[in-house]
Amino acid sequence: IQHQEFTSFVFCGSVRSSMEDIFTNHDSPFFNMAMRLQLGPLDRDIFIKFLAVKFMEGGRVPGDALLDKIIDLCGDNPGAVQRFCTALWLATSTGQIIVEEDLVKAWERLFAMQAEQYGMILQGLSNQQYQALRALARFGGKSKVTGEFVSMTGISLQASLVKALKGLVEKRVVVKEKTVYKIGDPFLTGWLTSQRL
């Protein structure tokens, strides 16, 4: 890179902690080599119009309220919205007006496509990590370490719970944002809830 004159480079990634580490860790060869730019969420109205056009180009008609609900279900994550819309597309037919009941079919298709991967995630967890993940799913996919959350996990010591959550973060199953722990994949939250594990 240092030998490229008059050239700009953009480093992109979705694992925020890894991207931060590349440019803030003193041992990294890229330490302080780039300006950091955090991208906020997409403008919802623009995203809904984009999605509506794509569905209508394929002969499917979703309502704006339905697309708004999908974005909510996906936690404003554009990649998750696209995955969900793909499942919804596969679960519907050309010429169809898409209604809320069709979302159930999309969830079923998503869970069927992801079940093996999610099963492998669970196999790689310790018992306490599994308990913490299951409790997070029951809390809608995110929570602070509150007394109510601790009791929901069934883990008696808060230090053990924090250690389990840290392990989930290291495995990239959970993301920590300040004091809130959040399941990174909104579909994993739904799958865990649907499995009643």
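Any value given below was found using the heavy atoms of this structure, including those in side chains, with hydrogens, waters and symmetry copies removed.
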Checking Leu122 against Trp191 for the side-chain contact (heavy atoms from CB on, under 4.5 Å) test, could you report, in this order, the C-alpha distance in whole Å, the side-chain angles of both residues, the deciding distance, and whether it holds? CA-CA 12 Å; Leu122 296 185; Trp191 182 77; 3.6 Å; yes
Could you check Leu125 against Leu168 for side-chain contact (heavy atoms from CB on, under 4.5 Å), going step by step and ending with a plain yes or no? CA-CA 8 Å; Leu125 302 181; Leu168 289 169; 3.6 Å; yes
NZ/Lys163 to CD/Gln129 distance, rounded to the nearest 0.5 angstrom? 9.0 Å
Do Gln128 and Gln131 get their side chains close enough for a donor-acceptor pair, meaning under 3.5 Å? no
Same apolar cluster (I L V M F W Y, side chains within < 4.5 Å links), Val175/Leu133: no
Interatomic distance, Ser143 atom OG to Leu165 atom CG [nearest 0.5 angstrom]: 9.0 Å
Here the gap from Ile155 atom CD1 to Leu161 atom CG, rounded to the nearest 0.5 Å, amounts to 5.0 Å
Asp102 and Lys105 ion-paired at < 4.0 Å: yes
Decide whether Met56 and Leu66 are clustered together by the hydrophobic rule: side chain heavy atoms of Ile, Leu, Val, Met, Phe, Trp, Tyr closer than 4.5 Å, transitively. no
Can you get from Val61 to Ile70 by hopping between Ile, Leu, Val, Met, Phe, Trp and Tyr side chains that sit under 4.5 Å apart? no
Where do Tyr181 and Phe149 land on the ring pair (Phe, Tyr, Trp, His ring centres under 6.0 Å) test, with the steps shown first? CA-CA 11 Å; Tyr181 291 90; Phe149 179 69; 7.9 Å; no
With Arg60 as reference, evaluate Leu88, Ile97, Thr92 under the side chain to side chain contact (heavy atoms under 4.5 Å, CB included) test and give the passing residue. Thr92
Is there side-chain contact between Trp89 and Lys54, with heavy atoms separated by less than 4.5 Å? no
Take Lys176 and Lys166 through the test side-chain contact (heavy atoms from CB on, under 4.5 Å) and record every step on the way to the result. CA-CA 9 Å; Lys176 184 179 181 188; Lys166 184 179 178 189; over 6 Å; no
So, for Asn25 and Asp27, which heavy atoms are closest and what is the spacing to 0.1 Å? OD1-N, 2.8 Å
Are any non-hydrogen side-chain atoms of Arg83 and Asp185 less than 4.5 angstrom apart? yes
Minimal heavy-atom distance between Ala91 and Ala106, with the atoms involved, is CB-N, 4.2 Å
Does the pair Phe187 and Tyr118 meet the rule for a ring pair (Phe, Tyr, Trp, His ring centres under 6.0 Å), with working shown? CA-CA 10 Å; Phe187 306 135; Tyr118 292 158; 8.1 Å; no
Nearest heavy-atom neighbours spanning Leu73 and Pro186: O-CB, 4.0 Å
Taking every non-hydrogen atom, the tightest pair across Ala137 and Leu192: CB-CB, 3.7 Å
Please check if the distance between the ring centroids of Phe23 and Phe31 is under 6.0 Å. no
ILVMFWY cluster, Val173 and Met113 together (side-chain gap under 4.5 Å): yes
With hydrophobic residues grouped by side-chain heavy-atom distances under 4.5 Å, do Met33 and Phe11 end up in a single group? yes
Shortest non-hydrogen contact from Leu67 toward Pro62: CD1-CG, 4.0 Å
For the residue pair Val162 and Ser160, establish whether any side-chain heavy-atom pair is separated by less than 4.5 Å. no
Test side-chain contact (heavy atoms from CB on, under 4.5 Å) on Leu42 and Phe50 and set out the steps. CA-CA 11 Å; Leu42 294 174; Phe50 168 80; over 6 Å; no
More than 12 heavy atoms of other groups within 6.0 Å of Glu148 CD: no
Is the backbone N or O of His26 less than 3.5 Å from a side-chain atom of Ser28, with the two atoms forming a donor-acceptor pair by type? no
Could you check whether Arg44 pairs with Asp72 (Lys NZ or Arg NE/NH1/NH2 to Asp/Glu carboxylate O, under 4.0 Å)? yes
Look only at the side chain of Thr86 and the backbone of Gln82, and say whether a donor-acceptor pair between them is shorter than 3.5 Å. yes
Kindly compute the distance separating CD1 (Ile121) from NZ (Lys171), expressed to the nearest 0.5 Å. 10.5 Å
Count the heavy atoms belonging to other residues, nucleotides or ligands that lie under 6.0 Å from CD of Glu57, then report whether that count exceeds 12. yes
State the SG-CG distance between Cys85 and Leu90, to the nearest 0.5 angstrom. 11.0 Å
Minimum heavy-atom separation for Thr189 to Gly140, with atom names? CG2-C, 3.9 Å
Measure the spacing between CD of Gln114 and CH2 of Trp107 and express it to the nearest 0.5 Å. 11.0 Å
